[in-house]
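Lettering of chains follows the sequences in order, A, B, ..., and the numbering in each one begins at 1.
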Amino acid sequence: MNELLEALRCTYVVADWWPAESPYEVMVGAVLIQRTNWQNVAPVIEELRCRGLLDVDRMAITSVNELEAIIRRVGFFRQKAMRIKALAEHLVRYHCSDPAHLLNQELEVARNELMQLNGIGQETADAILLFAGGRPRFVAAVYVSRILSRTGIFVSSDYSEVQDFVESWLVRDRDVYARSYALLVQLAKDRCRSRPRCQGCPVRHLCSFSS
DNA sequence: ACCCAGGTGGCCC
DNA sequence: GGGCCACATGGG
């Protein structure tokens with residue numbers, strides 16, 4: 001595992017994995033990105049920004065219909081419109097419209113609260129905690145478990161198990177978590193998409209990708 | 001005409 | 001408690 005991370009560190013420089021100007025922007029993006037790609041999400045985020053909707057109070061009083069129209073191109077727009085609105089309403093109601101007020105609570109408390117919200121499961125909750133809150137929670141995305149299982153480093157399809165495993169190998173630090181996550185996902189994407197790169201794969205000797 | 005993309009929730013057995 | 005399925009759009 002250390003060998004894998006070491007090799008990755010030497011190969012990739014992942015700057016700005018989650019580009020955003022505010023924690024709230026990360027939270028909204030975390031819901032919008034589900035089952036889609038950043039290419040679809042980025043312009044939608046910009047549109048929300050132009051309309052002044054990357055603001056908790058504004059978002060909370062915007063109609064679902066209007067939100068649906070704006071975010072349509074991210075897919076799942078009806079659910080996601082409801083969800084980002086409900087998220088905003090929750091922040092207004094219980095956290096003085098301040099994401100930090102939610103995110104800075106004790107880690108498990110904040111995580112459980114996030115997961116109570118519709119559309120926020122384990123992975124999204126952890127992504128929000130890490131990238132919006134700067135809290136030490138490793139995001140055990142499918143890409144990560146895929147890399148670990150295909151390298152034979154750790155085989156499990158259970159989210160918490162994979163998360164615990166990776167966290168046990170890393171210094172409990174938000175930047176370490178964020179960086180390692182970005183590196184692993186980047187590797188997974190490279191390998192899935194452009195086969196030729198496999199020859200120059202930094203962890204070639206660790207990998208046995210046959211598919 | 002497929003398949004994938006930085007998931008979640010609900011229903012079924 | 002694991003295994004499907006809907007959710008919807010854009011790009012290869």
Quiz item: What string of B, S and - do you get for nucleotides 7-13 of chain B 5' to 3' if you count protein non-hydrogen atoms under 4.0 Å?
Solution: BSS----
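- Taking atom P on both C:dG11 and B:dT8, the two are 24 Å apart, rounded to the nearest angstrom.
- For B:dA5 and C:dG2, the C1' atoms lie 24 Å apart once the distance is rounded to whole Å.
- The distance from atom CD of A:Q186 to atom CZ of A:R179, rounded to the nearest 0.5 Å, is 12.5 Å.
- The side-chain heavy atoms of A:V41 and A:I71, taken from C-beta on, include no pair separated by under 4.5 Å.
- At whole-Å resolution of the value, CG in A:N37 and C1' in C:dG11 are 7 Å apart.
- If you measure from atom CZ of A:F77 to atom C1' of C:dG10, you get 13 Å, rounded to the nearest angstrom.
- Rounded to an integer number of Å, the gap from A:W38 CH2 to B:dA5 C1' is 13 Å.
- Per the geometry, CD belonging to A:E161 stands 14 Å off C1' belonging to C:dG1, to the nearest Å.
- Per the geometry, CG belonging to A:N40 stands 6 Å off P belonging to C:dG11, to the nearest Å.
- Residues forming a salt bridge (Lys or Arg N to Asp or Glu O under 4.0 Å) with A:R49 (at least two apart in sequence, or on another chain): A:E21, A:E25, A:E46.
- Summarising the local packing, CZ of A:R58 is surrounded by 12 or fewer heavy atoms from other residues, nucleotides or ligands at distances under 6.0 Å.
- Look at CD1 on A:I71: it is 15 Å from C1' on C:dG10, rounded to the nearest Å.
- One finds a side-chain N or O of A:R72 lying less than 4.0 angstrom from the OP1 or OP2 phosphate oxygen of C:dT9.
- Between the A:E167 side chain and the A:F138 main chain, a donor and an acceptor come within less than 3.5 Å of each other.
- Listed for the A:K80 side chain is a donor-acceptor partner under 3.5 Å among the backbone atoms of A:Q34.
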